[in-house]
Amino acid sequence: MSEAFTDLFSAPLTFNWTLSFRCNFVCAHCYSRFEEGEELDTADIRRIVDVLAEKKVPFINFGGGEPLLRSDLFDIATYAGRQGLNVSMNTNGWLLDGDAARSLQASGFKSVGVSIDSHQAALHDDFRCQAGSFARAVTALDHLRAAGVKTTMSSVISRINHKSFRDLLDLARNHGVTQIYLHNFKCSGKGFENRQELDLTPEEWRDFYVEALMVKEQVKDLAISFDDPVIASLPQYRENSLVKGSSCGKLSLHLRPNGDITPCGFIPLVVGNILRDDFDEIWYHSPVLNAMRSKEAKGKCSGCAAFADCLGGCTARALAVTGDLEQPDPHCWK
Amino acid sequence: MKRPLRNPQIVWRHEKRREEEILKAQERGEAVEDRGTVILIISGMMHQLNLVGGHIWSLCDGSRDVDGLIEALAEDFEVEREELVEDVRDFLADLEQRGWLSYV
């Protein structure tokens, strides 16, 4: 895809939607644990769904906070599905028993992702600061499978798992997961606070991705996904992505519990409110979004041959660490 | 006659604003073959169809057979009939082979 402004899509393809910042966990890497604010009622949530349907946004993914803490989650999903949206969510799995799994299935969820960060129960529980959370997360995957809901698994790569990610793949396989997301570590919220302890060095990130890409080529029974634009600078990366660099602000946006829109969950820059402001005005004319869509090479990115493909890597990480959207991604090894 | 039908599992969107820009570029004599007007999201991957491909895709709603589809396209695209027929059949065969389309 040309990056020309005139080629911009009419709306994002995905809204990552934090329905609530409330959570029953205090995970070591959580971007939102320090966040708080107004939560919309069901009627306003439905109004947002109407806006998204009118703009033909095809996908919404509920995250959080823990989505299952919203008692109206199933009603919201059912309504969104009827409006033509494809609904998915991510959960820590703690509250996902058999009844919840059947309700998720009945309310039309296309897939449900469960966060599991280590194949070792003790490590996962320690990372999530919740004894027994590994067992409940794995059981949640089984409940979902029994209810006929497609499952995915989300694992944030950090110092606790970067050398044992193959074991996470095995765990996913053993519980009928169709797709695993190996998320890159973000320096937001508690992730920023704990980054010295949890984040990898740029060279470790390079080594992880080289190995993970090799495994992805070999593995045929499980889809492995990465969401890290810095990976595009590796010669082993062969995907011909239609959009270069961070997809935030180009293919996806994030909704906070009060309807505020940010480019992604890890970038705390509010570009407007979906209930109060004109969506097209935000989408086409937000200075923040347009800055993210037309990044200039700064620092070591200047003159780097990889910039055309990675566009400076993860914008959220650059902003969190340097305060500047256009600075190089601190994970970059080049 | 069998009628081509898009795979209903495929999520897609017609990008009208992009199409308007592409039509303007085409009028200016620019090459537009690689610019998408319809996007498809399949297994998490995004694909795009150009002006002609997007138009064919939009028409594959199971309501018309291939001849009807060619008739509809001929109204919008100034191209030799023989060339149009060949292009449409090739494109439909490719979509079918990918599992993106079937016949009803």
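This one's a predicted model, so the numbers in the text were calculated from it and none came from an experiment. For the numbers below, each heavy atom of this structure counts, side chains included, while hydrogens, waters and symmetry mates do not. The chains referred to below are lettered A, B, ... by the order of the sequence lines, with proteins before strands, and numbering in each begins at 1.
- Between B:R13 and A:A11, the shortest heavy-atom contact is NH2-O, 2.5 Å.
- Between the CZ atom in B:R18 and the CZ atom in A:F9 there is a gap of 4.5 Å [rounded to 0.5 Å].
- Contact count versus chain B (heavy atoms, under 4.5 Å) is highest, among A:S10, A:P58, A:S225, for A:S10.
- Counting non-hydrogen atoms of neighbouring residues, nucleotides and ligands closer than 6.0 angstrom, the CD atom of B:E80 reaches no more than 12 such neighbours.
- What you find for A:L8 and B:R17 is that their closest heavy atoms are O-NH1, 4.4 Å.
- Considering only heavy atoms from C-beta on, B:W12 stays 4.5 Å or farther from A:K56 through its side chain.
- Between the CG atom of A:N86 and the CD1 atom of B:I41 there is a distance of 9.0 Å, given to the nearest 0.5 Å.
- Contact annotation for A:A223: neither backbone nor side-chain heavy atoms come within less than 4.5 Å of a heavy atom of chain B.
- Sparse packing is recorded around CD of B:E86, with 12 or fewer heavy atoms of other residues, nucleotides or ligands lying under 6.0 Å away.
- Two residues are said to be in side-chain contact when any heavy atoms from C-beta on lie closer than 4.5 Å; A:L13 and B:I39 meet this criterion.
- With a 6.0 Å radius and a threshold of 12 heavy atoms from other residues, nucleotides or ligands, A:Q218 has its CD atom above the threshold.
- Heavy-atom contacts from other residues, nucleotides or ligands closer than 6.0 Å to CD of B:E82 number 12 or fewer.
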